[in-house]
There are 2 protein chains.
Amino acid sequence: MTNELEDAADDRELLSDRIRNALADEIATGRLEAGAALDEQHLADRFGASRTPVREALRQLAVSGLVEVRPRRGVVVARMTPERIMEMFETVAEIEALCVRLATYRMTPLERSHLIELHDASEAIVRKGDFDAYDAFNRAFHEAIYRATHNSFLAEQAIAIHSRLTAFRRAQLRQHERLDRSRAEHEAIMQAIAEGDGELASRRMRAHMLNAATALRRFIEASKPV
Amino acid sequence: MTNELEDAADDRELLSDRIRNALADEIATGRLEAGAALDEQHLADRFGASRTPVREALRQLAVSGLVEVRPRRGVVVARMTPERIMEMFETVAEIEALCVRLATYRMTPLERSHLIELHDASEAIVRKGDFDAYDAFNRAFHEAIYRATHNSFLAEQAIAIHSRLTAFRRAQLRQHERLDRSRAEHEAIMQAIAEGDGELASRRMRAHMLNAATALRRFIEASKPV
DNA sequence: CTACGACATCTTGCATGCAAAAATGTCATC
DNA sequence: GATGACATTTTTGCATGCAAGATGTCGTAG
């Protein structure tokens with residue numbers, strides 16, 4: 001009778017939602033790798049549920065693009081081409097750029113000081129070379145910017161798209177010098193924000209994100225010697 | 001045994017997908033109005049299906065934000081506050097602005113001439129005051145720009161967000177002078193594209209979208225004398 | 001007349017059942 | 001050894017069943 005979700009958080013939360021969240025997390029973190037088949041019965045057994053909530057979860061994941069449904073032929077973790085990944089990175093870069101521009105003009109002093117705090121704390125993380133901690137910080141940093149746009153719809157969209165790249169970003173950030181550069185780029189963005197120059201912050205953010213993408217591309221090409 | 005989907009397109013398409021598409025269309029066009037309850041059994045009867053595919057469709061619509069699921073209390077068509085609508089408009093405006101900037105720099109001559117053709121044809125539509133035709137043209141115009149970014153992921157996101165505003169845009173465009181102004185704004189955007197000035201095209205597109213939003217806001221405030 | 005609560009009804013959430021399509025395996029033929 | 005027809009197994013797509021939670025009604029107490 002034991003299953004992974006048995007003592008999960010809230011009993012009022014729907015089973016299908018918990019399964020969806022669990023799978024989304026596994027896909028985002030890369031524990032479920034691209035192309036992996038998601039057998040309904042197998043997942044149902046794994047989560048101690050029936051196929052119905054599993055199916056609902058899979059259909060929902062398909063809408064957010066994390067899995068691919070091939071009618072009557074099963075569901076697989078979304079398999080993305082390098083081109084598509086680069087497209088996603090460019091999109092995220094542009095959205096981050098526009099978020100930071102709006103945020104620069106709209107953030108409250110409180111939001112600004114919170115962002116500075118976050119950024120300052122990241123120095124210690126970089127020094128320790130703690131990839132997981134930097135990952136968490138990075139997410140917090142970018143989400144703080146999204147929220148500072150004072151446009152919650154935009155923030156939601158940004159978070160959704162950003163999170164779809166999590167799996168790739170993790171791989172890419174596991175390089176020490178990239179961690180260093182990432183923080184330096186954040187520093188430059190912070191400066192532009194401090195000066196109230198949204199356009200400059202925007203350009204720097206775009207460059208920051210595209211640098212990350214380029215680092216990733218190199219990483220992919222290096223590890224896949226076709 | 002008659003139901004609305006009986007002679008629908010492709011027999012290989014999943015029932016749940018057809019139901020989802022049908023509902024998405026009804027919500028986008030406003031035939032199903034915000035706040036309307038979506039009873040599973042009722043919809044199942046309406047589509048000549050059982051509750052299972054209906055439930056799958058509803059859950060998927062919830063992910064794309066068209067409906068709201070209140071656990072154990074049913075599903076309703078997403079009810080949006082004026083603030084949220086304005087947020088959505090701003091988001092769309094910014095995304096359109098970035099799309100047209102990228103498109104200006106990347107579109108092929110073929111894409112450019114296609115866009116010009118579309119724009120030219122819209123003059124007759126405005127003269128006739130054919131709202132539905134202009135609606136269709138407008139969609140085609142904007143989607144042509146999305147595609148011209150040569151970033152299909154971005155284009156998909158843009159289409160998804162744009163379509164969520166369809167219901168509101170329709171209401172807003174049913175004013176003759178707005179139709180006229182809309183075309184004039186397109187004209188200005190086309191000019192910037194022709195000059196290869198992506199930044200200018202971007203600013204004009206943002207203004208164009210925000211004008212539409214402002215027109216809508218007036219419309220809403222006028223029709224809701226609280 | 002309002003507030004409260006027991007009861008009845010309706011709806012949802014999930015499990016299970018079943019038919020059809022797809023995948024897989026078997027075996028004969030070339 | 002490769003190929004293809006056919007049987008078997010597996011898996012999906014959808015229908016149905018049932019229990020628990022939500023909602024509505026009505027009677028009674030205050």
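So you know, we letter chains A, B, ... as the sequences are listed, proteins then strands, and number each from 1.
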Q. With under 30° as parallel and over 60° as perpendicular, where do the rings of A/F141 and A/H119 fit, or are they tilted in between?
A. tilted
(Q) Is the phosphate of C/dC14 approached by A/S16 (side-chain N or O, under 4.0 Å from OP1 or OP2)? (A) yes
Q. Quick one: B/R55 CZ to D/dG13 P, roughly how many Å, whole number?
A. 17 Å
Q: With heavy atoms under 4.0 Å as the rule, sort A/R59 into base, sugar-phosphate or nothing.
A: sugar-phosphate
Q. In whole Å, what is the span from the CD atom of B/E56 to the C1' atom of D/dA15?
A. 12 Å
Q) The side chain of A/L15 lies closest to which of these nucleotides: D/dA22, D/dT12, C/dC14? A) C/dC14
Q: Could you check B/P71 against B/S50 and say which one's nearest nucleotide on DNA chain D is further toward the 5' end?
A: B/S50
Q: Quickly work out the B/L43 CG to D/dC14 P distance and round it to whole Å.
A: 16 Å
(Q) If I take atom CD in residue B/E40 and atom C1' in nucleotide C/dG13, what distance separates them, rounded to the nearest angstrom? (A) 8 Å
Q: Tell me whether the centres of the aromatic rings in A/Y134 and A/F131 are closer together than 6.0 Å.
A: no
Q.
Can you measure A/L14 atom CG to C/dT11 atom C1' for me and round it to whole angstrom units?
A. 13 Å
Q: Establish, yes or no, whether a centroid distance under 6.0 Å links the rings of B/H150 and B/Y105.
A: no
Q: Return the value, rounded to whole Å, for the distance between atom CG of A/L38 and atom P of D/dT11.
A: 13 Å
Q. Closer than 4.0 Å, any side-chain N/O of B/R73 to the OP1 or OP2 of C/dT12?
A. no
Q) What do you reckon, is CZ of B/R79 surrounded by more than 12 foreign heavy atoms closer than 6.0 Å? A) no
Q) Is the base of C/dG13 touched by the side chain of B/R51 through a donor-acceptor pair closer than 3.5 angstrom? A) yes
Q: Select from B/G74 and A/P53 the residue whose nearest nucleotide in DNA chain C is closer to the 5' end of that strand.
A: B/G74
Q) To the nearest Å, how far apart are B/E13 CD and D/dT12 C1'? A) 16 Å
